[in-house]
Amino acid sequence: MKTNQPVFALADGNSFYASCQRVFRPDLRHTPIIVLSNNDGAIVARSADAKPHVKMGQPYFQVKDQLKRHGIVAFSSNYAFFGDMSERMMAVLESHVAKISCYSIDEAFLDLTGMPGDLELLGRKIRADVLKKTGITCGVGIAYTKTLAKLANYASKRWQSQTGGVVDLREPEKLERCLRAIDVGEVWGIGSKLKMHLEGMKILSAWDLAQADKPMIRQTFSVVVEKTARELAGIPCFDLDEPDAPKQEICCGRQFGMRLKEKEPIKEAVATYIMRASEKLRARRSICKRIRVSISTGMFNPEEAKYANGVMVELPYPTDDVRLLTQAASAAVDAVFRPGYAYSKAEVMLLNLCQRGEYTDDLFAASQPASSERTMQVLDAINKKWGRGTLRTGSVPTSPAWAMRRELMSPCYTTRFEDLWRIP
DNA sequence: TCTGGGGTCCTAGGACCC
DNA sequence: TCTGGGGTCCTAGGACCC
């Protein structure tokens, strides 16, 4: 075996949002719990004991009765809290290995390449340490490619009692047994559409896809599916991502807490989303050349008249200035708004991003004035010190009627002094 | 009344150029 | 009689992820 052969681990928190809530509510240790999306819309997380009773993605209003019957407790999303718990978990993971790459709020790939000793044992140590320091139980999968590490992680959960939550798939016999036992639809990168298509071709298990003819897979599907198949066969095609790889686009959009029929409140919401999106933009030291603003009515209720539209706006020069972006977005709302509809959502996207340093000014075109940069620095500094939203553009209201509903919100145990845990 | 938000990557197809 | 084709850029849309 080559010593430089890459080895990946994937660690992720079990039922992450639900587990976060339980850490600070030990009284609910034996009570099934679920966590809802923004606006208390749909179920986005379920504790293990809630899983048999409700489906992921189900609308909350449809299952309210069921919840009562099974004694399931629901929480609104609390991203300040979840984000902070995530940072804690990532910090523990990071302390055990040289390189990690956060893949989502609750999972990270770890680079175990060249690590000495028993890696499965290392996995168990990491798992125990995360539990001790954060209260979150995680699963760890270890393998030669990222796709196989994801699969190993899946196995660590599906056979948790046999595996103790850690699975190392580097041994060929064990890998084959595992691949044969897992449906192709469980593979990372194979969604419902591809699953159906693959099953039609008698590719039913992860093993079948690993064995499939790669050029045929590429021809029938795409290079993406081919890479997935190669990864299953043990050939690495995906590297560990760079931690701060530049983003292609930044987007911020939400359902309103109520239907909006007038243009003004929609402009307020759009200005609020621009505020948030431009913060993210500046945090990455990027600027953007165009934005897209879209608004839409509810799309599910057959009773409602439907309308959805968006416009692209080219900016006079690449910018990260919230004032210029807000102006452009406001004009965009004027262009897409049609009276007579009940709107439920708006979204802004910042597009054509580039890094500040990379952009070369056109000698004859206008560019962002230096004063703008200083103003934005002050804005960000104030909001960092005193909390998001302390200094805002004039179009952003403090507590608008259209703000999202979060009626079942837990305290922000780890990020607000007033919400600190009290032990009676 | 009520159905997430934030991303990525790839492909197809049109416009344009030579 | 006799319809170009390849490269490039852009956009829209699809599929996927958590």
Side-chain angles (χ1 to χ4, degrees), chain A residues 10 12-17 34-46 54-65 74 76-79 82-83 86 101-109 146-147 150 153-154 184-198 218-228 237-238 241-242 245-260 273 276-277 280-281 284 289-290 292 294 296-304 308 310-312 314 342 344-353 404-408:
Chain A
L10 181 82
D12 77 333
N14 296 355
S15 314
F16 186 70
Y17 296 163
I34 58 164
V35 179
L36 305 173
S37 62
N38 283 338
N39 270 317
D40 297 340
I43 298 175
V44 291
R46 305 162 298 163
V54 285
K55 276 199 296 211
M56 194 73 165
Q58 260 189 311
Y60 176 51
F61 75 95
Q62 280 178 7
V63 297
K64 265 187 183 167
D65 289 345
S76 298
S77 278
N78 185 341
Y79 287 103
F82 301 150
S86 170
S101 145
C102 302
Y103 177 66
S104 73
I105 192 161
D106 73 330
E107 63 189 299
F109 285 101
K146 286 171 88 173
T147 304
K150 279 286 265 188
N153 178 281
Y154 169 82
V184 72
E186 302 297 341
V187 173
W188 186 40
I190 306 300
S192 59
K193 291 271 160 60
L194 287 170
K195 173 183 151 88
M196 268 174 9
H197 198 151
L198 286 164
R218 185 186 197 128
Q219 237 215 323
T220 315
F221 301 97
S222 68
V223 62
V224 189
V225 184
E226 185 203 2
K227 282 183 180 173
T228 296
C237 299
F238 305 124
D241 293 324
E242 289 309 311
K247 283 201 190 301
Q248 317 290 314
E249 55 194 47
I250 289 174
C251 125
C252 181
R254 276 182 192 84
Q255 300 277 138
F256 313 130
M258 59 193 283
R259 294 286 189 266
L260 296 180
Y273 305 160
R276 181 73 196 108
K280 292 190 210 170
L281 184 72
R284 298 196 154 261
K289 291 182 195 157
R290 54 167 68 160
R292 187 185 156 83
S294 42
S296 64
T297 60
M299 289 294 157
F300 292 96
N301 188 345
E303 311 286 301
E304 282 180 73
V311 280
M312 199 87 81
E314 209 76 28
S344 78
K345 181 182 181 177
E347 181 179 80
V348 304
M349 296 183 82
L350 310 185
L351 301 160
N352 290 38
L353 307 193
M404 62 178 161
R405 280 191 310 276
R406 290 196 290 191
E407 285 161 11
L408 309 164

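First the proteins, then the strands, lettered A, B, ... as listed; each starts at 1.
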Worksheet item: What does E347(A) touch in the nucleic acid at a heavy-atom separation under 4.0 angstrom: a base, only the sugar-phosphate, or nothing?
Response: nothing
Discussion item. Below the 4.0 Å mark, does dC18(C) have OP1 or OP2 next to a side-chain nitrogen or oxygen of K150(A)?
Written reply: yes
Worksheet item: Any idea which of dC18(C), dT3(B), dG5(B) is nearest the N38(A) side chain?
Response: dG5(B)
Discussion item. What is the distance, to the nearest angstrom, from the CD atom on Q58(A) to the C1' atom on dC2(B)?
Written reply: 14 Å
Worksheet item: So, are E249(A) and R292(A) salt-bridged, with charged N and O less than 4.0 Å apart?
Response: no
Response to the item:
Among the nucleotides dG5(B), dT8(B), dC10(B), whichever has the atom closest to the side chain of K227(A) is dC10(B)
Worksheet item: Is it true that a side-chain atom of D12(A) and a backbone atom of N153(A) form a donor plus acceptor pair closer than 3.5 Å?
Response: no
Worksheet item: Which part of the nucleic acid does K55(A) contact within heavy-atom distance under 4.0 Å: base, sugar-phosphate only, or nothing?
Response: nothing
Practice prompt. Tell me what V187(A) touches on the nucleic acid: a base, only sugar-phosphate, or nothing, going by heavy atoms under 4.0 Å.
Written response: sugar-phosphate
Practice prompt. Ignoring backbone atoms, establish whether N39(A) has a side-chain N or O less than 4.0 Å from OP1 or OP2 of dG4(B).
Written response: no
Worksheet item: Of all the choices, dC10(B), dT3(B), dT8(B), which nucleotide is nearest to the side chain of V224(A) once you look at every atom?
Response: dC10(B)
Worksheet, complete the sentence: Nearest-nucleotide check on DNA chain B, V223(A) vs K64(A); residue mapping nearer the 5' end is K64(A)
Worksheet item: Does N301(A) reach the main-chain N or O of E303(A) with its side chain, forming a donor-acceptor pair under 3.5 Å?
Response: yes
Discussion item. Just the rounded figure in Å: distance from P of dC2(B) to CE of M299(A).
Written reply: 13 Å
Worksheet item: Taking atom C1' in both dG4(C) and dC16(B), what distance in whole Å separates the two?
Response: 15 Å
Worksheet item: Is there a donor in the side chain of S77(A) and an acceptor in the side chain of N38(A), or the other way round, less than 3.5 Å apart?
Response: no
Worksheet item: Under 3.5 Å, side chain of E107(A) to main-chain N/O of S104(A), donor-acceptor pair present?
Response: no
Worksheet item: If you look at every strand shown and take non-hydrogen atoms under 4.0 Å, does L36(A) touch a base, only sugar-phosphate, or nothing?
Response: nothing
Discussion item. Of the listed nucleotides (dC2(B), dG5(B), dC9(B)), which one gets closest to any side-chain atom of Q248(A)?
Written reply: dC9(B)
Fill in: Of C251(A) and S222(A), the one whose closest DNA chain B nucleotide lies more 5'
C251(A)
Item to complete: Would you indicate what Y103(A) reaches in the nucleic acid, counting non-hydrogen atoms under 4.0 angstrom: base, sugar-phosphate, or nothing?
Response: sugar-phosphate
Worksheet item: At under 4.0 Å between heavy atoms, what does S77(A) touch on the DNA or RNA strands: base, sugar-phosphate, or nothing?
Response: nothing
Discussion item. Using OP1 and OP2 only, check whether a side-chain N or O of R405(A) sits under 4.0 Å from dT1(B).
Written reply: no
Discussion item. Please check: side-chain N/O of N352(A) versus main-chain N/O of K289(A), any donor-acceptor pairing under 3.5 Å?
Written reply: no
Worksheet item: What's the closest nucleotide to the R254(A) side chain, out of dA15(C), dG6(B), dT8(B)?
Response: dG6(B)
Fill in: Phosphate OP1/OP2 of dT3(B) contacted by Q255(A) side-chain N/O (<4.0 Å)
yes
Worksheet item: Please give, in whole Å, the distance from dA12(C) C1' to M349(A) CE?
Response: 12 Å
Worksheet item: Please give, in whole Å, the distance from dC16(C) P to M196(A) CE?
Response: 9 Å
Worksheet item: Roughly, in whole Å, what's the span from CG in L194(A) to P in dC10(B)?
Response: 14 Å
Worksheet item: Which whole-number value in Å describes the distance from E226(A) CD to dC9(B) C1'?
Response: 15 Å
Item to complete: Find the distance D106(A):CG to dG6(B):P and express it as a whole number of Å.
Response: 17 Å
Worksheet item: Which of these nucleotides, dT3(B), dT8(B), dC18(C), is closest to any side-chain atom of E249(A)?
Response: dT8(B)
Discussion item. Counting only side-chain nitrogens and oxygens, does R292(A) get under 4.0 Å of the OP1 or OP2 atom of dT11(C)?
Written reply: no
Discussion item. Looking at dC18(B), which nucleotide sits across from it as a Watson-Crick or G-U wobble partner, both distances under 3.5 angstrom, or is there none?
Written reply: dG5(C)
Worksheet entry | Protein-nucleotide distance (I190(A), atom CD1; dA15(C), atom P), rounded to Å | 13 Å
Worksheet item: Looking at S344(A) and R259(A), what are the two nearest heavy atoms and their distance?
Response: CB-NH1, 3.2 Å
Worksheet item: Considering only side-chain heavy atoms of S37(A), which listed nucleotide, dC17(C), dT8(B), dG4(B), is closest?
Response: dG4(B)
Worksheet item: Does R290(A) have a side-chain nitrogen or oxygen under 4.0 Å from the phosphate oxygens OP1 or OP2 of dT11(C)?
Response: yes
